[in-house]
Student: 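A single structure is presented below for examination.
Lettering follows sequence order; numbering is per chain, from 1. Just so you know, these numbers come straight off a predicted model, no measurement behind them.
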Amino acid sequence: MQIYLPIAEMSVNLFILLGMGSVVGFLSGMFGVGGGFLMTPFLIFMGVPAAVAVGTEANQIVAASLAGVMAHWRRGNVDFKMGGVMVVGGLAGSALGAWLFRELREQGQIDLVISVSFVVFLGLIGSLMLWESARVVLLSGSAAKRRKARRHYWVHGLPFKMRFHKSGLYISSLLPLGMGFLVGILASIMGVGGGFFLIPAMIYVLGMPTSVVVGTSLFQILFVTANVTVLHSVNNQTVDVLLALILLSGAVIGARFGTAVGAKLKGEHLRGLLALLVLGMAARMAARLLMTPQDMFTVSPLVGG
Amino acid sequence: MPRALAFSFLFALAMPFSAALAQPVVADLSSHKVAITSSFTGEDIVLFGVREGSGDVIVVVRGPPQTRVVRQKERIAGIWVNRDEMAFSNVPGYYALAATRPLEEIADADFLAENQIGPDSLQFQIMGEGDPAAFEAFRAALIRSHQQDGLYAVGAGPVGYVGGTLFRTEFYLPAGAPVGTYSAVVYLLRDGEVVGFDTTPLFVTKAGLGRAVYDYAHDQPAAYGFLAVLLALIAGWASSMVYRRA
């Protein structure tokens with residue numbers, strides 16, 4: 001069944017969208033990752049304009065992260081103070097990102113920047129995950145111990161220290177502020193929540209306890225993606241609510257199965273598979289940039305003056 | 001168009017009043033309104049008409065004028081990057097052409113150019129500065145792109161005769177057809193001269209949920225953004241409730 005997407009201005013098969021939503025939901029449920037860094041490239045590969053893919057994905061992540069935050073909140077796994085500081089940074093970062101996005105769009109360079117960002121980040125995450133799972137599989141699980149959270153001592157020299165009771169930390173507020181800011185930029189430009197960057201940074205740079213990391217990052221992502229949704233709606237009119245809701249319905253179903261399957265299967269093997277998938281997508285993105293295009297010319301609507 | 005208008009006006013005056021039709025050529029569409037709904041995947045529109053006496057018919061359907069930027073890619077450090085660009089205004093968002101015989105056999109080049117009939121006659125205007133030397137390449141790329149999207153059907157459909165004076169043709173509006181007011185112009189030519197013409201409008205609008213979403217997003221972008229967030233929050237909350245039960 002074909003459905004016409006009012007903002008993307010294209011007709012796509014409803015079941016393909018639902019299927020894509022559930023596959024990404026399944027993967028995110030299974031691995032506990034956000035779906036943005038998988039979904040945005042999928043949408044772009046489908047032919048959805050990159051700007052619409054980014055704005056719409058931000059909108060979808062609002063829903064996914066609220067569901068996540070509520071689950072973690074019930075278990076008391078959200079450091080609201082830390083999250084709040086990160087939100088402040090995130091709002092500023094996403095505002096800068098949205099402004100950059102519009103400038104780049106007027107210059108005709110936004111597709112390039114989105115693609116390059118995905119190649120870099122997907123490549124990086126994929127390689128790290130593959131390395132991690134290969135290490136564990138090779139050491140046959142037993143000897144594999146997560147390295148203890150490294151303490152960056154220069155970090156403790158920074159001013160504006162704040163006490164974060166939930167995380168048991170007394171650190172400079174500039175750190176979560178800066179991290180939130182960076183992720184805000186990524187959210188605006190790539191349509192991702194940025195958990196893949198935030199979570200390791202919170203563990204290794206801030207030294208937060210792992211139990212509160214996911215809930216707190218989701219808390220920040222919720223506010224930042226909501227801000228990105230509004231900013232993209234105002235600046236670019238590229239948020240397709242219909243597309244977001246369809247993807248979301250798929251994702252909700254997929255995530256349920258994903259969580260169930262993820263609980264049963266051997267994590268490190270699966271992580272390796274996800275790593276290969278992520279690397280495959282990075283390669284596909286890179287190919288689009290490197291291969292000689294069929295047509296040297298592209299046509300787009302005139303944006304701005 | 002003014003010249004064609006003057007032409008037909010003069011001709012009408014010169015015509016004997018025994019003519020059966022008030023106009024030498026009359027045309028109409030199978031529908032004047034196309035609603036792009038959520039299930040819209042494209043639509044065939046039939047144009048039919050009556051001509052007086054013999055002659056050839058040319059049908060031109062034009063979509064609303066738009067502005068478009070054409071960018072040329074260049075390889076920089078191994079990556080294909082957009083470099084030179086040229087912006088055009090007065091670009092029809094849709095263009096379809098049909099005729100009873102090949103255009104060059106029906107009319108002379110001046111007439112075709114004057115009325116922007118045929119891909120070579122489309123007169124896009126360059127906005128801002130543009131390198132005149134590169135103009136043709138950019139213009140051709142613009143037409144090529146629209147052709148690939150099914151928006152330009154140039155030199156496509158034939159006009160067929162149903163009976164002696166009845167003719168019909170079809171053109172296809174793809175899913176990506178722009179909204180706005182289209183015009184279908186039908187020319188009747190005899191020995192290379194315009195004997196008459198008729199214009200009939202076509203309104204393409206978004207309808208239903210799709211229209212509401214599109215209009216709201218463009219008219220009230222801030223409110224739309226907040227509503228999008230609100231919907232997502234409700235959806236997220238609802239799915240969280242479902243999980244909790246499970």
Side-chain angles (χ1 to χ4, degrees), chain A residues 1-7 9-11 59-71 74 107-109 111-112 116 222 225-227 229-235 237 239-242 244-245 248-249 251-252 255-256 259 288-293 295-303, chain B residues 36-42 66-75 78-82 85 87 89 127 137-138 140-142 144-146 148 174-176 178 206 209-214 217-218 221-222 224-229 231-240 242-244 246:
Chain A
M1 198 182 100
Q2 296 290 115
I3 185 154
Y4 181 84
L5 303 172
I7 304 294
E9 302 197 291
M10 60 189 292
S11 180
N59 190 18
Q60 195 209 325
I61 296 170
V62 171
S65 53
L66 177 68
V69 163
M70 286 175 70
R74 274 179 219 128
Q107 299 296 318
Q109 302 300 348
D111 287 16
L112 175 75
V116 170
L222 170 64
T225 49
N227 192 38
T229 304
V230 174
L231 290 172
H232 277 301
S233 296
V234 172
N235 287 343
Q237 290 91 47
V239 177
D240 198 316
V241 176
L242 194 62
L245 287 178
L248 192 67
S249 335
V252 169
R256 281 189 74 163
T259 323
R288 282 162 50 104
L289 292 171
L290 297 173
M291 277 183 347
T292 308
D295 197 330
M296 288 299 160
F297 295 90
T298 51
V299 176
S300 52
L302 188 62
V303 181
Chain B
I36 300 184
T37 58
S38 298
S39 56
F40 186 76
T41 53
Q66 298 178 321
T67 52
R68 282 289 179 271
V69 187
V70 183
R71 296 190 172 92
Q72 186 173 19
K73 285 196 196 305
E74 220 172 273
R75 194 166 218 164
I79 295 176
W80 289 95
V81 175
N82 286 337
E85 63 174 48
S89 65
M127 299 168 74
F138 280 84
L142 180 52
R144 193 163 60 236
S145 156
H146 277 79
Q148 276 162 8
K206 295 198 186 204
L209 178 65
R211 187 211 175 99
V213 171
Y214 181 89
H218 285 85
Y224 176 90
F226 284 110
L227 192 72
V229 170
L231 276 174
L233 290 176
I234 294 169
W237 177 79
S239 68
S240 153
V242 170
Y243 269 98
R244 204 180 177 186

Student: A:I3 versus chain B, heavy atoms under 4.5 Å apart: side chain, backbone, both or neither?
Tutor: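 Both parts, backbone and side chain.
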Student: Under a 4.5 Å heavy-atom cut-off, does chain B meet the side chain of A:L248, its backbone, both or neither?
Tutor: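 The side chain, not the backbone.
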Student: Side chain, backbone, both or neither: which part of A:M296 has a non-hydrogen atom closer than 4.5 Å to chain B?
Tutor: both
Student: Of the backbone (N, CA, C, O) and the side chain (C-beta and beyond), which part of A:M1 lies under 4.5 Å from a heavy atom of chain B, both, or neither?
Tutor: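 Nothing of A:M1, per the 4.5 Å heavy-atom cut-off to chain B.
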Student: Name the region of A:T292, side chain, backbone, both or neither, that has any atom closer than 4.5 Å to a heavy atom of chain B.
Tutor: both
Student: Which one wins on heavy-atom pair count under 4.5 Å against chain B: A:I61, A:L112, A:L5, A:D111?
Tutor: A:L112
Student: Under 4.5 Å, counting heavy-atom pairs only, tell me which of A:Q107, A:M10, A:M70, A:H232 racks up the most with chain B.
Tutor: A:M70
Student: Of the backbone (N, CA, C, O) and the side chain (C-beta and beyond), which part of A:Q60 lies under 4.5 Å from a heavy atom of chain B, both, or neither?
Tutor: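 Interface part for A:Q60: neither.
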Student: Quick check: does any side chain N or O of B:K206 sit under 3.5 Å from a backbone N or O of A:P6, one acting as donor and the other as acceptor?
Tutor: yes
Student: At a heavy-atom separation under 4.5 Å, does A:A226 approach chain B through its side chain, its backbone, both, or neither?
Tutor: both
Student: Side chain, backbone, both or neither: which part of A:Q2 has a heavy atom under 4.5 Å from chain B?
Tutor: both
Student: Highest number of heavy-atom pairs under 4.5 Å with chain B: which of A:T229, A:L289, A:L222, A:L231?
Tutor: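 Sorted descending by pairs with chain B, the first entry is A:L289.
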Student: Taking only residues two or more places apart in sequence, or in another chain, which ones meet B:R144 in a salt bridge (Lys or Arg N to Asp or Glu O under 4.0 Å)?
Tutor: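 Partners of B:R144 by the salt bridge (Lys or Arg N to Asp or Glu O under 4.0 Å) criterion, ordered by chain and then number, come out as A:D295.
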Student: Below 4.5 Å from any heavy atom of chain B, which atoms of A:D240 appear? Answer side chain, backbone, both or neither.
Tutor: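 For A:D240, the contact with chain B is made by the backbone alone.
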